[in-house]
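What follows is a short report on a single structure.
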Amino acid sequence: MRTLGIMPTSNDVSWAIVEGTKSSPVVVPLDSTKQKFPSGKNESDLLHDLYRFALSLLQDKAIEKAVILQAGTSQYGKTSSIRVKTEAIFQIAAVESNKPVEVIHPNTLKAQIKKFESIAGDTPEAVLNAGNDFKPKPWRDAVLTAWMGLD
């Protein structure tokens, strides 16, 4: 199976593609894994461009399932509106592409990370990133979100 993990923030969106199974996952190398939201751009134009990009990514990379990390509340107790809109854009693009889509809660991701070693045999860094720390952190979350979507 080939899954796309999406990690939106209030400033950008990171993604990763993981294929295989939960016990034998492999990160698919990509030319880019992040798209920054340009400041000052009309939000409607930004969302339209993001939708076209999401459709292209889903189709061009032969994605079988999209998994999105749900927006939680920030340290200020609010959820970023652009982050929620980004989730919706990827959900719509997945449905338009006839791909299953799943939105997971951050607490679900944290619980699965704790189980990762027992499922895949080692730490996420060792199995999915040649033993190196994931940088930046949103890309790590995108990789692990994609891993969660594997069968």
Side-chain angles (χ1 to χ4, degrees), residues 1-39 46-47 49-51 53-94 97 99-151:
M1 172 166 252
R2 183 174 256 216
T3 63
L4 172 67
I6 300 117
M7 172 56 196
T9 72
S10 57
N11 299 314
D12 55 38
V13 60
S14 296
W15 59 87
I17 298 173
V18 176
E19 60 186 7
T21 63
K22 278 192 175 181
S23 60
S24 297
V26 176
V27 174
V28 175
L30 299 168
D31 292 334
S32 65
T33 59
K34 182 179 188 176
Q35 184 169 338
K36 197 154 186 61
F37 300 145
S39 62
L46 169 75
L47 294 171
D49 291 347
L50 187 60
Y51 173 73
F53 169 77
L55 276 176
S56 174
L57 185 62
L58 287 160
Q59 293 167 355
D60 294 347
K61 300 299 182 186
I63 301 302
E64 296 175 77
K65 182 179 183 180
V67 186
I68 305 164
L69 188 61
Q70 180 182 26
T73 55
S74 73
Q75 61 189 2
Y76 307 107
K78 296 183 179 182
T79 301
S80 161
S81 65
I82 191 68
R83 188 169 175 187
V84 172
K85 291 172 187 176
T86 301
E87 285 177 26
I89 290 295
F90 274 93
Q91 288 177 347
I92 293 167
S97 301
K99 312 289 183 201
V101 62
E102 181 180 357
V103 178
I104 60 168
H105 192 276
N107 288 340
T108 304
L109 179 64
K110 291 174 187 171
Q112 284 294 304
I113 291 170
K114 291 178 181 177
K115 295 179 182 178
F116 185 96
E117 193 166 336
S118 66
I119 295 169
D122 210 336
T123 66
E125 291 76 12
V127 174
L128 298 168
N129 204 30
N132 300 312
D133 287 338
F134 288 96
K135 291 182 184 171
K137 186 183 181 311
W139 187 70
R140 176 189 191 269
D141 289 346
V143 169
L144 293 168
T145 299
W147 172 78
M148 281 194 57
L150 296 174
D151 289 336

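All heavy atoms count here, side chains included; hydrogens, waters and symmetry mates do not.
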N/O donor-acceptor pairs under 3.5 Å from side chains in residues 142-151, not counting sequence neighbours:
residue : atom : partner : partner atom : Å
Thr145  : OG1  : Asp141  : O            : 2.6
Trp147  : NE1  : Lys22   : O            : 2.9

N/O donor to acceptor pairs below 3.5 angstrom from side-chain atoms of residues 104-116, sequence neighbours left out:
residue : atom : partner : partner atom : Å
His105  : ND1  : Asn107  : N            : 3.0

Let me have the donor-acceptor pairs involving side chains of residues 12-20, under 3.5 Å, with sequence neighbours excluded, atom names and distances please.
residue : atom : partner : partner atom : Å
Asp12   : OD1  : Thr9    : OG1          : 2.8
Asp12   : OD2  : Lys34   : NZ           : 3.4
Trp15   : NE1  : Ser32   : O            : 3.1
Glu19   : OE1  : Arg2    : NE           : 3.1
Glu19   : OE1  : Arg2    : NH2          : 3.2

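Taken from CG in Asn11 to OG in Ser80, the straight-line distance is 8.0 Å, to the nearest 0.5 Å. Here the OG1 atom belonging to Thr123 is positioned 9.5 Å from the CG atom belonging to Asp133, to the nearest 0.5 angstrom. Between the CG atom of Asp49 and the CZ atom of Phe37 there is a distance of 11.0 Å, given to the nearest 0.5 Å. Taken to the nearest 0.5 Å, the CD atom of Glu87 stands 11.5 Å off from the CD1 atom of Ile92.
Across all their heavy atoms, Pro8 and Ile6 have their closest contact at CD-O, 3.6 Å. Shortest non-hydrogen contact noted between Ala120 and Val127 is O-CG2, 4.0 Å.
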side-chain contact (heavy atoms from CB on, under 4.5 Å) assessment of Val28 paired with Lys61: CA-CA 10 Å; Val28 175; Lys61 300 299 182 186; over 6 Å; no
Verdict with reasoning, Lys85 to Leu50, per side-chain contact (heavy atoms from CB on, under 4.5 Å): CA-CA 10 Å; Lys85 291 172 187 176; Leu50 187 60; over 6 Å; no
Derivation and outcome, side-chain contact (heavy atoms from CB on, under 4.5 Å), residues Phe90 and Val101: CA-CA 9 Å; Phe90 274 93; Val101 62; over 6 Å; no
Steps toward side-chain contact (heavy atoms from CB on, under 4.5 Å) verdict (Glu125, Arg140): CA-CA 9 Å; Glu125 291 76 12; Arg140 176 189 191 269; 3.4 Å; yes
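For the pair Lys99 (side chain) and Leu58 (backbone), a donor-acceptor distance under 3.5 Å is absent.
The closest side-chain heavy-atom distance from Ser81 to Val84 is not below 4.5 Å. Counting only heavy atoms from C-beta outward, the side chains of Gln70 and Arg83 never approach each other to under 4.5 Å. Here the side chains of Pro124 and Asn129 are not in contact, with every heavy-atom distance at 4.5 Å or above.
Every residue meeting the salt bridge (charged side-chain N to carboxylate O under 4.0 Å, His left out) condition with Glu102, not counting sequence neighbours, appears here in chain and number order: Lys65. Take Phe134 and apply the ring pair (Phe, Tyr, Trp, His ring centres under 6.0 Å) test, not counting sequence neighbours, and it matches Trp139. Asn132 pairs by the side-chain hydrogen bond (donor to acceptor under 3.5 Å, both in side chains) definition with nothing, not counting sequence neighbours.
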